[in-house]
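Comments concern the structure below.
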Amino acid sequence: MSSTDSETTDSATPLDFIRDIVTSDIRAGKDAGRVHTRFPPEPNGYLHIGHAKSICLNFGVAREFGGRCNLRLDDTNPAKEDTEYVDAIQRDVRWLGFEWSALFYASDYFELMYQYAEQLIRDGKAYVDSLNADEMREHRGTLTEPGRNSPYRDRTTEENLDLFRRMRAGEYPDGTHVLRARIDMASPNINMRDPTLYRIRHDDHHRTGNAWCIYPSYDYAHPISDALEGITHSLCTLEFEDHRPLYDWCVENVRARAAELTSRPRQIEFARLNLNYTVMSKRKLLTLVEQQLVNGWDDPRMPTIAGLRRRGYTPEAIRDFCSRIGVAKKENVIDVALLEHTVREDLNRRAQRALAVLRPLKVVIENYPEGRVEQLNATNNPEDASAGTRSIPFSRELHIEREDFMEEPPKKFFRLSPGTEVRLRYAYILKCERVVKDTAGAVVELRCTYDPESLSGSTAGRRVKGTIHWVSATHARDAEVRLYDRLFLSEDPGEGGRDPLVDLNPTSLERLISVKVEPALADADAGTRFQFERQGYFCVDPDSRPEAPVFNRTVTLKDGWARIAGRK
RNA sequence: UGGGGCGUGGCCAAGCGGUAAGGCGCGGGACUUUGGCUCCCGUAUUCGGAGGUUCGAAUCCUCCCGCCCCAACCA
């Protein structure tokens, strides 16, 4: 396996308990020193940032130890799965910078799994049960009481085989029979109380069509898939810890009769990622999409890989995030500020700078000649000299940011107010002489003067406290900007079992439709990222057209002024 | 009242018997034509609690407390 993106930008991956285990396994000569992992998503939704943690772990471990990592679509439940999802999953894994050693589907193994199941029956390790779901639940017992054997538990091998074959042949409707492992109905581990191996589902499968009407359960399909692929370390999340004895049971009992299964994969569990102000379950994300509370799986407010991509996140930032959060067994809730920090850090060194005025306020420079236009020199990226410079037009009428002017400024306000001066970025020092208001008293225009001797870079050496961005009114292009805020107001949406939807942030999306941007911006391709100086990082949305450019705000810049102002 | 896990600063996380790394966040300062970036400095006398072993314990032992997961023919 390999990584398609530069790895040098990622900070060194720290060791964690899983890498410790792999290291000692190699040292002990297990699996002849082979390391083989797999990333096994179910194609029933889009991948999210939590999956990114698993992807980075599985592909990362394989890469670091010279091993392999498969992508396996765990498609054992036709009712929920769809090819749209299998395509999206592959696209997102690749975009994150990983390439699988091999691509498999659990459904590739349906015939083999079926044969193994028949062998289990012949070995007396599985039986067909004809209890319905309710009856099965009653027989299962409770957390503190053992279960009771099903009256069908002691059917003969011949009867079980016959029934199972007829299940496959489609002779029975959904829910009438299941194949169960014969383990121990009194086990203190409920997962070992004769778990279901196969159920009847007369559903078309996205890959196998109508070839099957019985489908293996996760608990049966997963260990066998791992064993068939020669997986050595099967990494999954904590909630499967209780399933490990069953995982081992399947591997052992199937291996005993299947010479081709040479490997004995080991399941290791780690804590899934949780992010504050975010929901992470595919079920909840599906609800947001279906109820149209967001604009699809790739809505920039979604924690999906597709959403983050459209929002302007880079694969490098996401990988860096995943390496910083660590891998452990402790339940965790990562502060979304860490995710934001990793994009800022990445984009700060990569994104070209630009001037854009989100909420324009008109400025007329009374002592600047009418009709005159100067081309001023601007730095494309102060963090990267090779990014070069560009020229931007300056003229008598400008737009500045409304919030950069205050008629009655508080102390420490270093921007524009009546009678004060600011530097116009890359241009001159500007002084506010007069405020023009409409009949309602709202400020509609500023009449200003400039200091012709103060051009940026000149030797005048005069300094003012503040610098603001601007754009020439006659040259500016109009654009739409979409400002995103967190989707949920609560740090823990749905906390205490309430509906997470009541925690939705009603203003998570704000569209600004008359943003003024410097001319060159309008022609940028979808996906291009910029820093709008003093504002944040923005990314050209796929909806963007040259005559109607659209930018998504990826993340704001850190705002020291907001912090100071907020204290008062 | 069963079983499986987990408890180190606000959030993560190293640590594996020799005297608490690092990151994010937060606070202060320097620098600054982005109130960005960068750079300094500060931020756990203590590791869920109580006992015990030891010259020495976050690390070993005992008991206790708290939190999470498991009773789908989901994964």
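Order of the sequence lines fixes the chain letters, A, B, ..., with proteins taken first and strands second; residue numbering starts at 1 for each chain. Computed from a prediction, not measured in an experiment: that's the story for all the values here.
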Within the structure shown, what part of the strands sits under 4.0 Å from [X] by heavy-atom distance: base, sugar-phosphate, or nothing?
| X | answer |
| --- | --- |
| A:Glu331 | sugar-phosphate |
| A:Pro40 | nothing |
| A:Met192 | nothing |
| A:Glu345 | nothing |
| A:Asn348 | base |
| A:Ser187 | nothing |
| A:Leu557 | base |
| A:Thr342 | nothing |

Consider the side chain of [X], meaning its heavy atoms from C-beta on, and name the nucleotide among [options] that approaches it most closely.
| X | options | result |
| --- | --- | --- |
| A:Lys558 | B:G35, B:C16, B:G25 | B:G25 |
| A:Asp242 | B:G36, B:G3, B:A71 | B:G3 |
| A:Arg140 | B:G3, B:C73, B:G36 | B:C73 |
| A:Lys330 | B:A71, B:U8, B:G2 | B:U8 |
| A:Ser217 | B:G35, B:A75, B:G2 | B:A75 |
| A:Thr144 | B:C16, B:U34, B:G2 | B:G2 |
| A:Asn77 | B:C70, B:C74, B:C24 | B:C74 |
| A:Arg201 | B:C73, B:G3, B:G5 | B:C73 |
| A:Pro382 | B:C6, B:C74, B:U34 | B:U34 |
| A:Asp20 | B:G2, B:C16, B:C12 | B:C16 |

Could you classify B:A58 for me, syn or anti, using a glycosidic angle within 90° of 0 as syn?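 Base orientation relative to the sugar is anti.
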
Can you tell me how far [atom2] of [N] sits from [atom1] of [X], to the nearest Å?
| X | N | atom1 | atom2 | answer |
| --- | --- | --- | --- | --- |
| A:Phe530 | B:G36 | CZ | C1' | 18 Å |
| A:His243 | B:G5 | NE2 | C1' | 13 Å |
| A:Glu241 | B:G5 | CD | P | 6 Å |

Original post:
Is there a donor on the side chain of A:Arg415 or the base of B:G35 sitting less than 3.5 Å from an acceptor on the other?
Top reply: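 In this structure, the two groups form a donor-acceptor pair.
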
- request: Count the heavy atoms of every other residue, nucleotide or ligand shown that sit under 6.0 Å from NZ of A:Lys282, and state whether that count exceeds 12.
  value: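 For A:Lys282, atom NZ is crowded (more than 12 foreign heavy atoms under 6.0 Å).
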
